[in-house]
Amino acid sequence: MAKPSLPQGTRDFGPDVVRKRSYILNIIKSVFELYGFQPLETPAMENIETLMGKYGEEGDKLIFKILNNGLDNPEKEKQIREDFEKVLQGKNVKGITERALKYDLTIPFARYVAMNHSHLTFPFKRYQVQPVWRADRPQKGRYREFYQCDADVVGSNALLNEAELASIYHEVFSRLKLDGYELRINHRKILTALAKTCGGIDKMMDITIAIDKLDKIGIIKVKEELTQRGLTTEQVNIIEKYLNINGTNDEILNSLLEIIGKSEIGKKGIEQVSFVLANLQPQHLNLKLDPTLARGLNYYTGIIFEAKAPAEVKMGSIGGGGRYDDLTGLFGVPNIPGVGISFGVDRIYDVMEELNLFPPDVHIGTQVLFFNLGEAESTASFFLMQQLRQKGVRCELYHESAKFDKQFKYAEKKNIPFVIILGEKELKESTCNIKNLTTGMQQTIPTADLLKHQF
RNA sequence: GUGGUUAUAGCUCAGUUGGUUAGAGCAUCAGAUUGUGGUUCUGAGGGUCGCCGGUUCGAGCCCGGUUAGCCACCCCA
């Protein structure tokens with residue numbers, strides 16, 4: 001028998017890890033609820049045409065496709081061979097694969113809204129916490145199965161939503177003690193205006209992909225890449241001027257007005273960003289306008305967000321989002337605009353682990369361990385334990401009569417803070433010993449008082 | 001998908017130009033200790049050297065392939 005193993009890029013989560021993940025997830029979910037979002041879940045798999053073509057050419061390649069069942073049916077052999085020929089040419093054929101694992105939560109949500117818009121109350125605010133799958137090659141902070149936590153508002157053009165979503169980022173990261181995070185915003189229309197002034201709208205993709213790398217590769221390489229992508233020196237110079245914009249949010253807005261303010265679309269983008277910034281206290285939210293922020297997903301049309309891990313951990317993006325004018329239009333229901341954000345829990349986990357930000361009590365599962373010191377003693381302990389459980393105290397009784405040494409070590413390993421020792425002597429006297437393993441302090445109390453004791 | 005790099009005990013890692021029986025620390029288990037853990041001491045168990053093949057009298061070490069981790073590119077949370 002071969003050694004068991006996991007598929008590339010997937011992980012098991014042991015008890016400690018699940019507790020820490022839940023700690024993060026619970027904070028995110030409760031903040032979503034605090035802002036009036038409602039939960040939604042969609043299936044792990046979608047019909048493949050729901051997903052294809054929504055994430056750009058690269059995205060399509062990273063979608064996990066599911067092989068149809070029954071391909072070995074001899075009656076269909078001829079058709080299947082023909083279909084498979086098409087697969088070899090890089091096409092998707094229903095006869096071979098008609099379903100795929102979901103790639104993100106936004107598109108399935110758009111599909112849901114398109115299917116249910118007639119009986120949803122708009123604006124519809126939903127949050128969704130589920131795994132997604134990408135056939136990417138794994139590396140640090142990149143997995144093939146990972147969780148996304150999304151909050152979206154659909155059916156509203158109000159920029160108030162953007163302001164609220166920015167506050168959610170702040171609230172969640174503050175509660176996680178992840179100070180030092182950075183939230184950057186930009187506007188697709190600002191990027192569009194830039195593209196229009198140099199190279200034309202069809203160069204938009206080339207320009208955004210290149211300038212998005214500024215942080216990583218520096219201005220010189222970005223210029224090289226722009227030239228390589230077919231921009232003239234004059235156009236590259238405008239972009240360089242754009243990339244050199246710096247200063248406070250207000251200063252950046254002014255510089256942007258200078259470069260692209262003449263274009264209607266650019267002006268509109270700048271206005272919207274100003275509005276959102278004006279309605280928040282950006283300095284308190286680590287909120288920074290960043291004209292170089294691009295984001296790959298091509299359905300964004302308005303303000304875009306990116307949350308970055310504290311600079312010292314080299315993780316990059318731990319969340320992102322933005323506004324999309326017409327996502328449900330892809331599914332035949334036009335004119336439902338939306339805006340949403342996403343948290344990448346797996347990356348947030350890695351960052352928190354690296355910065356040691358989990359609270360120590362995150363590991364406390366069982367609060368009290370009853371020692372097992374014999375038959376009569378354990379029967380009495382069991383009875384007491386059940387009463388404590390009724391009170392909501394998480395307890396367990398050691399599974400067999402054993403030496404003290406063993407039972408103490410069990411409690412230690414499981415991070416159980418209290419043990420209750422009830423032996424022959426205590427049984428006679430109707431008392432029990434409560435020992436706090438953190439402090440080493442021990443007290444003897446009448447069993448009758450145990451239920452009143454605070455753990 | 002492309003390139004680089006790593007893989008030895010549960011964990012972290014040594015392992016000489018290829019040479020007899022592959023080591024250490026930590027962890028585990030047992031004992032010192034039949035009602036008080038964390039310290040200490042003694043002892044024990046634990047390995048198909050990731051997997052498959054090749055070169056060689058002989059491979060943990062060299063070569064090829066493969067799987068997985070990590071890193072870079074692409075892209076992204």
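Below, chain A is the first sequence line, B the second, and so on; all start at residue 1.
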- prompt: For the pair made of CG in A/L293 and P in B/C75, what is the distance, rounded to whole Å?
  reply: 15 Å

- prompt: Closer to the 5' end of RNA chain B via nearest nucleotide, is it A/M441 or A/F343?
  reply: A/M441

query: Reckon A/G9 touches a base, only the sugar-phosphate, or nothing at all at heavy-atom distances under 4.0 Å?
result: sugar-phosphate

task: Assess A/R184 against A/F305: is NZ or CZ under 6.0 Å from the centre of the six-membered ring, and within 45 degrees of the ring's axis?
output: no

message: So A/K406, base contact, sugar-phosphate only, or nothing? Heavy-atom distance under 4.0 Å.
response: sugar-phosphate

Geometric cation-pi criterion A/R21 and A/F13, 6.0 Å radius, 45° cone: yes

message: For A/Y55 together with A/Y103, are the ring centres under 6.0 Å from each other?
response: yes

query: In whole angstrom, what separates A/D405's CG from B/G35's P?
result: 12 Å

query: Is a donor-acceptor contact shorter than 3.5 angstrom present between the side chain of A/R142 and the base of B/C75?
result: yes

field: Euclidean distance for C1', B/G18 against B/A59 (whole angstrom)
entry: 6 Å

message: Between B/C49 and B/U6, how many Å separate the two C1' atoms, rounded to a whole number?
response: 14 Å

- request: Scan A/E424 against the nucleic acid and name what it touches under 4.0 Å (heavy atoms): base, sugar-phosphate only, or nothing.
  value: base

- prompt: Do we get A/R11 above A/Y143's six-membered ring, with its NZ or CZ under 6.0 Å from the centre and within 45° of the axis?
  reply: yes

message: Mind checking if A/K213 touches a base, just sugar-phosphate, or nothing, with heavy atoms under 4.0 Å?
response: sugar-phosphate

- prompt: Just checking A/I209: base, sugar-phosphate only, or nothing, at a heavy-atom cut-off of under 4.0 Å?
  reply: sugar-phosphate

query: What about A/R137, does its side chain sit under 3.5 Å from the base of B/C70 through a donor-acceptor pair?
result: no

- prompt: CD1 of A/I304 versus P of B/C76: gap in Å, rounded?
  reply: 11 Å

query: Expressed as a whole number of Å, how far does the C1' atom of B/G64 sit from that of B/U55?
result: 11 Å

task: Between B/C63 and B/A22, how far apart are the P atoms? Round to whole Å, please.
output: 24 Å

- request: Give the rounded distance in Å between these two atoms: CD of A/Q8 and P of B/U66.
  value: 13 Å

- request: Convert the base pairs of RNA chain B into dot-bracket notation, remembering that pairs crossing earlier ones are written with [ ] and that bases paired across to another strand are shown as |; include only Watson-Crick or G-U pairs under 3.5 Å.
  value: (((((((..((((.....[...)))).(((((.......))))).....(((((..]....))))))))))))....

- request: For residues A/I107 and A/R111, determine if any side-chain heavy atom of one lies less than 4.5 Å from a side-chain heavy atom of the other.
  value: no

message: Taking donor-acceptor contacts at under 3.5 Å, does the side chain of A/Q442 reach the base of B/U36?
response: yes

- prompt: Which value, in whole Å, describes the distance between the P atoms of nucleotides B/G50 and B/C61?
  reply: 8 Å

message: Tell me the interatomic distance from A/E57, atom CD, to B/C76, atom C1', rounded to whole angstroms.
response: 16 Å

- line: Taken to the nearest whole Å, CD/A/E58 to P/B/C73 is 14 Å

task: Have a look at A/G440 and say if it touches a base, only the backbone sugar-phosphate, or nothing, with a 4.0 Å heavy-atom cut-off.
output: base

query: Checking all strands, does A/G141 fall into the base, sugar-phosphate, or nothing category for heavy-atom contacts under 4.0 angstrom?
result: base

- request: Indicate, with a heavy-atom threshold strictly under 4.0 Å, whether A/I348 touches base, sugar-phosphate, or nothing.
  value: nothing

Contact check, side chains of A/H363 and A/K20, non-hydrogen atoms, under 4.5 Å: yes

Most 5' of A/L6 and A/S342 on RNA chain B, judged by nearest nucleotide: A/L6

Distance, P atom - from B/G60 to B/A9, rounded to whole angstrom: 14 Å

task: Remember a base hit wins even if backbone is also touched, and classify A/K403 as base, sugar-phosphate or nothing at under 4.0 Å, heavy atoms.
output: sugar-phosphate

task: Answer with base, sugar-phosphate or nothing: what part of the nucleic acid does A/Q139 contact at a heavy-atom distance below 4.0 Å?
output: base

- request: Go through B/U36, B/A77, B/C29 for me and flag the one nearest to the A/K413 side chain.
  value: B/C29

task: With C1' as the reference atom in both, quote the distance from B/G15 to B/G31 in angstrom, rounded to an integer.
output: 33 Å

field: Atom pair distance, as rounded to whole Å: OH in A/Y410 and P in B/C29
entry: 13 Å

task: Looking at every strand, decide which applies to A/G423 at a 4.0 Å heavy-atom threshold: base, sugar-phosphate, or nothing.
output: base

- prompt: CZ of A/F404 versus P of B/U36: gap in Å, rounded?
  reply: 7 Å

query: Parallel, tilted or perpendicular: which fits the ring planes of A/F371 and A/F404, with parallel below 30° and perpendicular above 60°?
result: perpendicular

message: Over all strands shown, is A/E426 touching base, sugar-phosphate only, or nothing at heavy-atom distances under 4.0 angstrom?
response: base

task: Say whether, by atom type as modelled, one donor and one acceptor occur between the side chain of A/N249 and the main chain of A/L289 under 3.5 angstrom.
output: yes

message: Taking the side chain as everything from C-beta on, heavy atoms only, tell me whether A/R323 gets closer than 4.5 Å to A/R188.
response: no

query: Are any side-chain N or O atoms of A/N161 and backbone N or O atoms of A/V153, one a donor and one an acceptor, separated by less than 3.5 Å?
result: no

